[in-house]
Amino acid sequence: MTSRSAAQPGSASTRSHWHHILLRFIVRAPEASIAVVGIILLVAFEVLSPNFLTNANLSTVSQFFSPWAIIASGEIMLLICGEVDLSVGQVFAFAPFVMHFTAAAGLPLFAGVVVALLVSGLLGLAIGFITVFFGVASFITTLGAMLLINGLTLTLSGGFPIDTPNTPLAAILGGWNYSEVFWAAFIALALHLVLRNTRWGLHTIAVGGNPTGAAEAGIHTARIKMGNFVLCSVLGGFAGILNAFHVTSIDPNAGGANVMFLAIASAVIGGTSLLGGSGTILGGFIGAAVLGILQDGFTLLGINAFTFDIITGAAILITMITNVQFAKLRLRNRI
Amino acid sequence: MNTNPLTLEAHNISKNFGNIQAIRDISLTLARGEMLGILGDNGAGKSTLMKILTGYHQQTSGELLVNGTKVMLSSVDHARSFGIECVYQDLAMINTLSVYHNMFLNREILRRGPLPLLDHRAMRKKAEAALEDIGVNIPSVDVEVGALSGGQRQAVAIARAVASQAKILLLDEPLAAMGAREAALIIALIERLKARGDVSMIMIAHNYAQTLDVADRVMMIQRGTCTFEGRSAETSAAELFDIVRREYQANRVQG
Ligand SMILES: Nc1ncnc2c1ncn2[C@@H]1O[C@H](COP(=O)(O)OP(=O)(O)O)[C@@H](O)[C@H]1O
Ligand SMILES: [Mg+2]
């Protein structure tokens, strides 16, 4: 580059320089592209609908996407280490019943919550154990677990919803309008830190990126995978409890495949690879918010649910394609 | 001839994977600062032997001695505690992690403080120093390993093993995944390490002439057993070819 062209603001080379830096940022920081999409959607819906950026609607949106945002955080850890949990939506429905029956047996509600999370964790441990030690693909293990856990929930509940107990804890556990989104953001930030700044996070990436290589480096790959199954399941149970207090009802049909699909979709559009070895928790959180904003914005604009599904599906496909392209660019070290 | 004390001895090592006997009755010795070259066809059992020496697999029978003491290497970490480091054929590199993360994989440096957080800055600095120490050039330690060439990746893997205070360095086909120019750089790197005299090495390779050139002794493994062992100075590539041809013909007659 000559000094003359560098000195001219707005010249072709300066512009392409900025263009390059912006592109580099978007390719390097996988959260950036989905954040841009989110901001564009916020602006668009605010322009199109006067009710969008109101306190009432923001609290609706946040309650809307928090369940799958929380699950996405756990699911991303699993996806990064090369696994997936399809049954987490069933744990979502199951855990609040465990909480209820523990409390009904005379224990304090807090103990009920702890027991419910422990049981969720045990389910994750069992799924992880079967996956790792019997060499069953987690897609299959958790497909089986989906039915099994759903059956447990229906048996335990008799198929009927019950009211959540009246307790001062309720406000923290999803009763207060913004408590769910607070938990979702807190969990995302904490796990983001775990992923980027702890051995557990680094080993999770290593196990998904190259399982044999990670084992040869002395990493206990089974432990990492099972731990992340436990984590994902506990988060599924926790999200279910929060949701129950939010709607003040424990419903055997809550969550299910729908919340699981939305969590995985959030992970993917947020920049997590389904192939394992890379991903971002913050991206997943933003992805979850984008899906919530889309769904809410469309509702406000009177666009129906079918259209929403078409758009979500297309968004997932487009982001998959761009993620793959970005990964190629990064590997070729072009950007 | 190397008269240093022996750092590693293997006596009659065999390894079965179910019904498959991958190696049978292999013995070897390695003196301090010495380099042993291992040659042999694909599937001969070379990697299996290496993985027993690194504690990744455990032998079905036979015994290992490290510095004269009998040991059963129960895990990779256990072998590491004796200074045994391996650069595996697949390099055990994580393509989606940066060079410096890979160099500290499973021996990460943690920050001081109540929380066990990674000290990225310290690892970055030490990785840069370790690479410079043995003369490896890469664009930056922040680059993802997947973006490096085969030779660069191999060099990083060797630097990682050396930086972790390897006393016994095992190299599984370090010259396999690269062209002639990069192979020459890796050979130069191996020779620099050898010149330091404090690391003993075992290298698996395919090229007879190259191996005879860098190794003090060579060993041939065929169908899981050792069929030749000798000092490089007294062995020619033609001799090795002859052994392979004879073995091949003998098996054809039998089969
Ligand atoms: N983990 C394993 N399980 C079963 N068989 C194995 C395993 N590792 C190696 N083998 C078998 O042992 C034999 C030797 O393999 P290997 O040591 O990788 O050979 P080389 O490195 O000389 O090419 C091959 O027949 C291979 O299929
Ligand atoms: Mg091999």
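A quick note: this is a predicted structure, and the numbers were derived from the prediction, not measured. Chain identifiers are assigned alphabetically (A, B, ...) following the order of the sequence lines, protein sequences preceding nucleic acid strands; residue numbering begins at 1 within each chain.
- The local environment of CG in B/Asp41 is sparse, with at most 12 non-hydrogen atoms from other residues, nucleotides or ligands closer than 6.0 Å.
- The candidate with the highest count of non-hydrogen atom pairs below 4.5 Å against chain B, out of A/Ser273, A/Ala217, A/Gly276, is A/Ala217.
- Taken to the nearest 0.5 Å, the CG atom of B/Leu115 stands 7.5 Å off from the CG atom of A/Leu193.
- Around CD of B/Gln58, the count of heavy atoms belonging to other residues, nucleotides or ligands within 6.0 Å exceeds 12.
- In plain terms, the two heavy atoms of B/Ala92 and A/Glu216 that are nearest each other are CB-OE1, 3.7 Å.
- Within 6.0 Å of CZ in B/Arg192 there are more than 12 heavy atoms belonging to other residues, nucleotides or ligands.
- When the ring-ring contact (aromatic ring centres under 6.0 Å, His included) test is applied to A/His192, no partner is found at least two apart in sequence or on another chain.
- Within residues 98-109 of chain B, the residues having any heavy atom closer than 4.5 Å to a heavy atom of chain A are B/His101, B/Leu105, B/Asn106, B/Arg107, B/Glu108, listed by residue number.
- For chain A, the nearby parts of B/Leu117 are the backbone and the side chain; heavy atoms of each come within less than 4.5 Å.
- For chain A, the nearby part of B/Arg80 is the side chain; its heavy atoms alone come within less than 4.5 Å.
- In terms of heavy atoms, B/Ile94 sits closest to A/Ile205 at CG2-O, 4.1 Å.
- The environment of B/Arg223 atom CZ is sparse: at most 12 non-hydrogen atoms of other residues, nucleotides or ligands sit within 6.0 angstrom.
- Of all the heavy atoms in B/Leu110 and A/Arg199, the pair that sits closest is CD2-CG, 4.0 Å.
- Nearest approach of B/Thr96 to A/Gly277, heavy atoms of both residues: OG1-O, 2.8 Å.
- Scanning for ring-ring contact (aromatic ring centres under 6.0 Å, His included) contacts around A/Phe134 gives an empty result, with sequence neighbours left out.
- Under the ring-ring contact (aromatic ring centres under 6.0 Å, His included) criterion, B/His78 pairs with B/Phe82, sequence neighbours left out.
- Of all the listed residues (A/Gly209, A/Gly213, A/Ala206), the one sharing the greatest number of non-hydrogen pairs under 4.5 Å with chain B is A/Ala206.
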